[in-house]
Amino acid sequence: MRRTVFLVALALAFCGFTALGVWQVQRLHWKHALIARVDARIHAEPVALPARKDWPQASAARDEYRHVVVTGEYLRNADTRVQAVTERGPGGWLLTPLRDDGGDAVLVNRGFVPSDWKGDVAPPAGHVRVIGLLRMSEPNGAFLRRNDPAHDRWYSRDVAAIAQARSLGDVAPWFVDAERDANAPEWPAGGMTVVRFRDQHLQYALTWFALAALSLFAAWRVYTSRDAGRPRHHA
């Protein structure tokens, strides 16, 4: 009876580990397709931002990391600093609303500013042309740190919350990570978008399949054991 229970448990373990391995293989194919799609978007020629009628259908799968271009004028005295830690140290992303030529507002992440920088970071005046990557909003805040609009403390680039805090009205449901402009001042430093995806699904799949194989081996040992189920005799 005990051997039967062990065999059933090992069979269930084998099925479970195999299913997890297959799931990780599926995730592997999905992740590689995602990486290829994003890479193609980043290196494509810049295109116009999606029109207002397409805002409700905006999604990361369809729109994020598109190489875009937008023209218009920055709104003055409406900057928002969002806390960030980058390869250049601690500081913040500087987000500035831009009114495009069609009258719509879009937040532009003009780049990184170090915590100790006290110089001018006002946006350029007049008509501007911004090229960058389309990014989706980051609602609520960072891990264990929620945005606090009342005290102007921001830990994520939450487009809707920033628009409300700055009384911007309707804004596009995304922001644009601006590219580095060679003619721009040192700060804010654009072009610091990090595009990196964890791709450890193959290791996970191999781990699950190895555990499935061990379960199968253990079941074989239990099933073929000469002493399994044999009554013991004591003198």
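Start at 1 with the first residue, then count along the sequence.
Side-chain heavy atoms closer than 4.5 Å link hydrophobic residues (I, L, V, M, F, W, Y) into clusters, and following such links, even through other members, never connects Trp187 to Val108. Two different hydrophobic clusters hold Val130 and Leu107 under the rule that ILVMFWY side chains link at heavy-atom gaps under 4.5 Å. At a threshold of 4.5 Å between side-chain heavy atoms, the hydrophobic network of Ile, Leu, Val, Met, Phe, Trp and Tyr places Val128 and Val68 in one connected group. By the criterion of side-chain heavy atoms lying less than 4.5 angstrom apart, applied directly or through intervening Ile, Leu, Val, Met, Phe, Trp or Tyr residues, Val47 is grouped together with Val70 in one hydrophobic cluster.
Within the 4.5 Å cutoff, the side chain of Pro123 has heavy atoms near those of the Arg76 side chain. Under the 4.5 Å side-chain criterion, counting only non-hydrogen atoms from C-beta, Arg135 is not in contact with Asn109. Contact of the Phe112 side chain with the Arg88 side chain is registered, since non-hydrogen atoms from C-beta on lie closer than 4.5 Å. With contacts defined as side-chain heavy-atom distances shorter than 4.5 Å, the pair Val106/Trp174 qualifies. With a 4.5 Å cut-off on side-chain heavy atoms, Leu75 and Thr96 do not count as touching.
Here the closest heavy-atom approach between residue Trp117 and residue Asp120 is recorded as NE1-O, 4.0 Å. Nearest heavy atoms, Ala13 versus Ser215: CB-OG, 3.8 Å. The two residues Asp63 and Ala58 have their closest heavy-atom pair at OD2-CA, 3.2 Å. Of all heavy-atom pairs spanning Phe175 and Met136, the tightest one is CE2-O, 3.3 Å. The nearest pair of heavy atoms linking Leu94 to Pro188 is CD2-CG, 4.0 Å.
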*What do the steps show when you test Arg153 against Gln83 for side chain to side chain donor-acceptor pair (under 3.5 Å), and what is the final call?*
CA-CA 8 Å; Arg153 297 188 185 122; Gln83 188 177 81; over 6 Å; no

*Could you go through the side chain to side chain donor-acceptor pair (under 3.5 Å) check for Arg166 and Thr80 one step at a time?*
CA-CA 9 Å; Arg166 299 290 181 263; Thr80 300; 3.1 Å; yes

_Using the rule given for side-chain contact (heavy atoms from CB on, under 4.5 Å), can you reason through Arg81 versus Val121, listing the C-alpha separation, both sets of side-chain angles and the distance that settles it, and then say yes or no?_
CA-CA 11 Å; Arg81 294 201 187 198; Val121 291; 3.7 Å; yes

*asked:* Determine whether Arg110 and Asp177 satisfy the following criterion, side-chain contact (heavy atoms from CB on, under 4.5 Å), listing intermediate values before the conclusion.
replied: CA-CA 7 Å; Arg110 294 167 51 215; Asp177 267 348; over 6 Å; no

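A distance of 9.5 Å separates CG of Leu49 from CH2 of Trp55, quoted to the nearest 0.5 Å. Going from atom CG of Asp100 over to atom CG of Leu98 covers 7.0 Å, rounded to the nearest 0.5 Å. Summarising the geometry, atom CZ belonging to Phe14 is positioned 12.0 Å from atom CG belonging to Leu12; distances are rounded to the nearest 0.5 Å. With values rounded to the nearest 0.5 angstrom, Trp93 atom CH2 is found 10.0 Å from Glu138 atom CD. In this structure, CG in Leu20 is found 7.5 Å from CZ in Phe17, a value given to the nearest 0.5 Å. Rounded to the nearest 0.5 angstrom, Gln24 CD and Tyr204 OH are separated by 7.5 Å.
Judged by distance alone, the side chain of Arg146 and the main-chain N or O of Trp154 form no donor-acceptor pair under 3.5 Å. Side chain of Ser137 to backbone of Asp158: no donor-acceptor contact under 3.5 angstrom is found. In this structure a side-chain-to-backbone donor-acceptor pair under 3.5 Å is missing from His67 to Glu45.
Between Arg99 and Glu73 there is no salt bridge, since no side-chain N of the basic residue sits under 4.0 Å from a carboxylate O of the acidic one.
For Trp208, the CH2 atom counts as loosely surrounded, since its 6.0 Å shell holds 12 or fewer non-hydrogen atoms of other residues, nucleotides or ligands. Residue-environment remark: CZ (Arg129) stays at or below the threshold of 12 foreign heavy atoms within 6.0 Å.
With Ile162 as the partner, the side chain to side chain contact (heavy atoms under 4.5 Å, CB included) test is satisfied by one option alone out of Leu95, Asn147, Val171: Leu95.
Asp170 meets the side chain to side chain contact (heavy atoms under 4.5 Å, CB included) test with Arg52; sequence neighbours excluded. Scanning for side-chain hydrogen bond (donor to acceptor under 3.5 Å, both in side chains) contacts around Thr71 gives Asp101, with sequence neighbours left out.
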